[in-house]
Amino acid sequence: MAWASPALYFGETFARIFLPDIVRYLPFDVAQSMVTTGSTTGGGGFGGGGAGANPLDPNVALVLGLVWLVGVLAVAAIFTERAEITG
């Protein structure tokens, strides 16, 4: 599972070309939308490019970020439980 985060990051980067309206709901774009200040100069709130062509509203991004976090924790808990049971 260590490959999942880099694969998702690079997958989002390349998918932005073909699916820009869908990519904005994926985890790395949601996180960038949470910290984007809205200024057009200088990129996002923590530097390095903006959140894409049409970033999410920060409040919506916060809710979606929490949904992604809960989902990741649930998946980790399920796989940890399976590892304990199967040995």
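Only a predicted model underlies this, so the values are computations on that prediction, with no experimental measurement involved. Quick note: numbers below take in every heavy atom, side chains included, and nothing from hydrogens, waters or symmetry partners.
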Asks: Between V30 and R24, is a side-chain contact (heavy atoms from CB on, under 4.5 Å) present by the stated rule, with each step listed?
Replies: CA-CA 6 Å; V30 168; R24 65 188 249 184; over 6 Å; no
Asks: Residues in side-chain contact (heavy atoms from CB on, under 4.5 Å) with L19, at least two apart?
Replies: I22, V23
Asks: Is there a path of hydrophobic side-chain contacts, each under 4.5 Å between heavy atoms, that joins L62 and V60?
Replies: yes
Asks: Would you compute the distance between atom CG of L26 and atom CG of L64 and round it to the nearest 0.5 angstrom?
Replies: 10.0 Å
Asks: So, using side-chain hydrogen bond (donor to acceptor under 3.5 Å, both in side chains) as the criterion, who are the partners of N59 when residues are at least two apart?
Replies: none
Asks: Nearest 0.5 Å, please: how far is CG in L73 from CD1 in I78?
Replies: 11.0 Å
Asks: Let me confirm one number: the CZ-OG distance from F28 to S33, rounded to the nearest 0.5 Å.
Replies: 13.5 Å
Asks: Hey, what else clusters with V72 if you join Ile, Leu, Val, Met, Phe, Trp, Tyr whenever side-chain heavy atoms sit under 4.5 Å?
Replies: none
Asks: Under the rule for side-chain contact (heavy atoms from CB on, under 4.5 Å), what residues qualify as partners of P27, not counting sequence neighbours?
Replies: L8, E12, W68
Asks: Does some side-chain heavy atom of L56 sit less than 4.5 Å from a side-chain heavy atom of M34?
Replies: no
